[in-house]
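Notes follow once the structure below has been shown.
The sequence lines fix the lettering, A, B, ..., with proteins before strands; numbering per chain opens at 1.
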Protein chains: 2
Amino acid sequence: MAQATGPSRPQPSTLGDVARLAGVSIATASKALNGRSQVRAETRERVIEAAERLSFRPNQLARSLLAGRTGTVGLLTSDLEGRFSIPILMGAEDAFGAGEVAVFLCDARGDAIREQHHVRALLSRRVDGLIVVGSRTDPRPSLGRDLPVPVVYAYAPSEDPADLSIVPDSVGAGRIAVDHLLACGRTRIAHITGDPGYCAARERAEGALAALADAGLAPVGEPRFGSWSEGWGRAATAMLLDRHPEVDAVLCGSDQIARGVMDVLRERGHRVPEDVAVMGFDNWKILTSAARPPLTSVDMNLEQVGRAAAQAVFAALAGSPRSGIEPQGCRVVIRGSTAPLS
Amino acid sequence: MAQATGPSRPQPSTLGDVARLAGVSIATASKALNGRSQVRAETRERVIEAAERLSFRPNQLARSLLAGRTGTVGLLTSDLEGRFSIPILMGAEDAFGAGEVAVFLCDARGDAIREQHHVRALLSRRVDGLIVVGSRTDPRPSLGRDLPVPVVYAYAPSEDPADLSIVPDSVGAGRIAVDHLLACGRTRIAHITGDPGYCAARERAEGALAALADAGLAPVGEPRFGSWSEGWGRAATAMLLDRHPEVDAVLCGSDQIARGVMDVLRERGHRVPEDVAVMGFDNWKILTSAARPPLTSVDMNLEQVGRAAAQAVFAALAGSPRSGIEPQGCRVVIRGSTAPLS
DNA sequence: AAAAAGACCGAAAAGGCTTTCTGGAACGCT
DNA sequence: AGCGTTCCAGAAAGCCTTTTCGGTCTTTTT
């Protein structure tokens with residue numbers, strides 16, 4: 001019953017149709033359209049015109065079946081709504097999109113079973129490669145070593161060092177954040193950050209402390225771990241100001257935390273950035289640009305991560321697989337919340 | 001040169017391999033694995049075991065080529081980073097994912113040329129259908145009527161009424177927002193909203209005014225159009241309070257605006273929700289849950305839009321195409337920023 | 001003028017699978 | 001014993017394209 005008589009869609013024409021209309025064989029039509037040389041110019045002309053008349057588009061399925069390569073890649077993400085998957089996805093789309101590669105998007109919803117299911121489905125569709133995007137920077141289980149296609153892990157590295165993982169350089173991010181604050185002349189720097197269960201929180205703190213140590217400084221108080229929320233930013237700032245009113249900069253583990261921090265600073269009469277400079281991480285524009293003043297933040301260059309992952313898939317396909325963890329540099333985006341001490 | 005000698009990937013086994021191992025013909029193997037009836041139970045057993053030993057996965061390309069249907073759908077979005085595409089994308093992935101459908105994701109970056117390019121690429125991959133996701137609710141040009149597959153427009157409707165568009169009911173959203181404020185006993189309601197160039201702003205305002213009129217009320221001042229930013233929310237609120245200090249509720253055109261509104265209300269000593277109730281639109285959790293107090297907001301049910309779009313593609317595929325604009329209901333998510341007047 | 005060399009086109013195979021059709025064997029019946 | 005059934009398995013066609021190889025036909029060379 002399914003086959004109701006809809007507006008009978010014009011079904012795509014085949015190479016055979018083109019050949020018939022041009023009065024040549026299928027083989028010749030193929031050669032003409034693909035720029036092969038064994039075709040007379042006049043014949044080629046005729047075939048091309050016929051193809052246009054029929055608006056012929058070669059069936060990629062048939063092509064792929066023959067070639068053994070499909071020009072498709074599977075993108076396996078774990079949280080679409082997360083703000084990390086999306087830029088990576090964009091970067092990958094970007095790197096692929098220019099060429100002739102299409103991306104299959106699958107969301108495993110953080111479920112290993114569903115992930116396996118998707119991997120199988122993608123493999124049976126004969127994707128040429130796989131990119132696995134995590135939702136946090138903590139290591140995740142490998143898909144295994146014996147897959148028939150190259151796999152690249154993005155954002156969340158694989159636990160297996162034999163796999164290739166492209167991740168943001170969180171330690172470096174912490175360093176350059178502190179370096180920027182130091183360059184602004186700040187020396188009494190506190191660090192308020194998120195959930196210590198997150199690798200990102202620990203590594204950023206590690207980088208920040210290292211940069212401080214390199215400058216012969218110690219942080220104002222210990223780094224304060226909590227949660228990734230504005231509420232925590234407010235609470236931690238209240239405590240911080242009570243105990244260390246001399247602070248002249250707060251490095252926040254995320255932009256959300258930074259907004260909470262700035263709210264309390266303002267309420268308590270501290271000027272940003274004149275009295276206290278504030279920085280965040282992630283450079284989430286909806287938060288940074290709406291803050292008062294706009295928030296300086298460390299951008300994780302996630303699109304770059306996505307692009308690099310896509311390029312790594314290409315490289316592996318071309319016979320140069322890599323392995324290990326490849327951190328990508330981050331960058332400070334300077335806005336109004338940090339400025340030199342005057 | 002590309003073919004460097006990598007770790008020679010195990011190449012997938014074919015039905016022929018399975019048949020040989022099981023000692024039957026390819027045809028029999030196919031029938032055995034697909035549950036066709038003309039196979040002796042014992043033979044089927046043997047084939048299945050062989051398939052498992054070889055971890056055989058049927059090549060979907062070959063299958064699709066034969067069947068004329070690929071079980072793939074193209075998802076054409078215009079702004080991946082926008083917060084509207086993503087939930088829709090999730091809804092669609094959701095509706096499809098359960099079954100045997102895979103989604104090709106393409107981002108046209110708002111460029112018509114690139115969009116055409118993607119459409120062609122998707123068609124040559126023989127997708128079974130297309131979902132076009134816009135980045136705002138304003139009508140967009142149609143892809144045309146003579147495509148070989150069904151097309152469904154999501155969020156942004158097509159300009160051509162012969163197409164099928166699934167959109168959030170913005171007018172209805174305005175109505176239910178005001179209804180909720182009325183239910184809270186508010187009667188002096190102002191509306192501060194975004195860019196009047198956006199359909200969403202105009203329609204939400206229209207719905208809000210209609211609901212007020214139904215209750216025999218008029219808004220406090222005219223709706224104030226501006227931009228979708230916290231800054232505008234702050235500025236508009238300052239003007240509003242100067243001119244109409246009696247206001248007891250502010251309906252904001254977006255959650256961002258609402259946050260700006262709430263900031264100024266608090267700074268001026270108005271309590272939310274006791275003195276003034278505040279509502280937003282979009283239910284963007286990062287903003288609503290971090291607000292003080294958490295912000296009541298109208299959720300556009302975008303995942304529902306995505307699901308409905310996916311189902312519409314199925315329906316069209318099954319021979320029941322629809323057309324016109326199908327608005328999907330929205331819903332109020334009540335949080336701390338609205339409460340009954342006491 | 002005959003032979004060699006191109007130039008151009010088409011037949012056919014391949015890629016992996018599904019499906020229809022044919023045919024052989026085993027069975028029950030008159 | 002002969003006939004018609006039923007049950008299973010295999011051969012082959014088909015999906016659409018690319019590519020190899022062989023074959024015509026025209027042109028050049030000796």
> What pair of heavy atoms forms the shortest contact from A/Arg109 to B/Met90, and how long is it?
Replying inline: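 Result for this residue pair: NH2-O, 3.8 Å.
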Report yes or no: does [X] contribute a side-chain atom to a donor-acceptor pair with the main-chain N or O of [Y] at less than 3.5 Å?
| X | Y | value |
| --- | --- | --- |
| B/Gln328 | B/Ala308 | no |
| B/Asp128 | B/Val73 | no |
| A/Asp111 | A/Ile113 | yes |
| A/Thr70 | A/Arg126 | yes |
| B/Ser13 | B/Leu54 | yes |
| A/Ser165 | A/Tyr153 | no |
| B/Ser85 | B/Asp79 | yes |

In [range], which residues come under 4.0 Å of DNA chain D by heavy atom?
| range | value |
| --- | --- |
| residues 18-29 of chain A | A/Ile26, A/Ala27 |
| residues 34-42 of chain B | B/Gln38, B/Val39, B/Arg40 |
| residues 58-65 of chain B | B/Leu65 |

>> Do A/Thr43 and A/Arg46 make a side-chain contact, defined as non-hydrogen atoms from C-beta onward lying under 4.5 Å apart?
In response: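 Yes, at least one pair of side-chain atoms sits under 4.5 Å.
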For [X] and [N], what is the distance between atoms [atom1] and [atom2] respectively, to the nearest whole Å?
| X | N | atom1 | atom2 | answer |
| --- | --- | --- | --- | --- |
| B/Leu33 | C/dT19 | CG | P | 13 Å |
| A/Leu66 | D/dT20 | CG | P | 10 Å |
| A/Leu15 | D/dG14 | CG | P | 18 Å |
| A/Arg126 | C/dC17 | CZ | C1' | 11 Å |

> If only side-chain N and O atoms of B/Thr43 are considered, is one of them under 4.0 Å from the OP1 or OP2 phosphate oxygen of D/dC8?
Replying inline: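 So the side-chain polar atoms of B/Thr43 never come under 4.0 Å of the phosphate oxygens OP1 or OP2 of D/dC8.
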> Can we say B/Arg140 and B/Glu115 salt-bridge, meaning some charged N sits less than 4.0 Å from an Asp/Glu carboxylate O?
Replying inline: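 Salt bridge: yes.
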> Taking NZ, NE, NH1 and NH2 as the nitrogens, is one of them in B/Arg136 or B/Asp138 under 4.0 Å from a carboxylate oxygen of the other?
Replying inline: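 Counted as a salt bridge, because a side-chain N and a carboxylate O are separated by less than 4.0 Å.
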> Given that A/Lys31 and B/Thr14 both sit by DNA chain C, which one's nearest nucleotide is further toward the 5' end?
Replying inline: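 Looking at DNA chain C, the more 5' nearest nucleotide goes with A/Lys31.
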>> Please classify the nucleic acid contact of B/Ser30 as base, sugar-phosphate, or nothing, using heavy-atom distances under 4.0 Å.
In response: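 If one applies the 4.0 Å heavy-atom cut-off, B/Ser30 turns out to touch a base.
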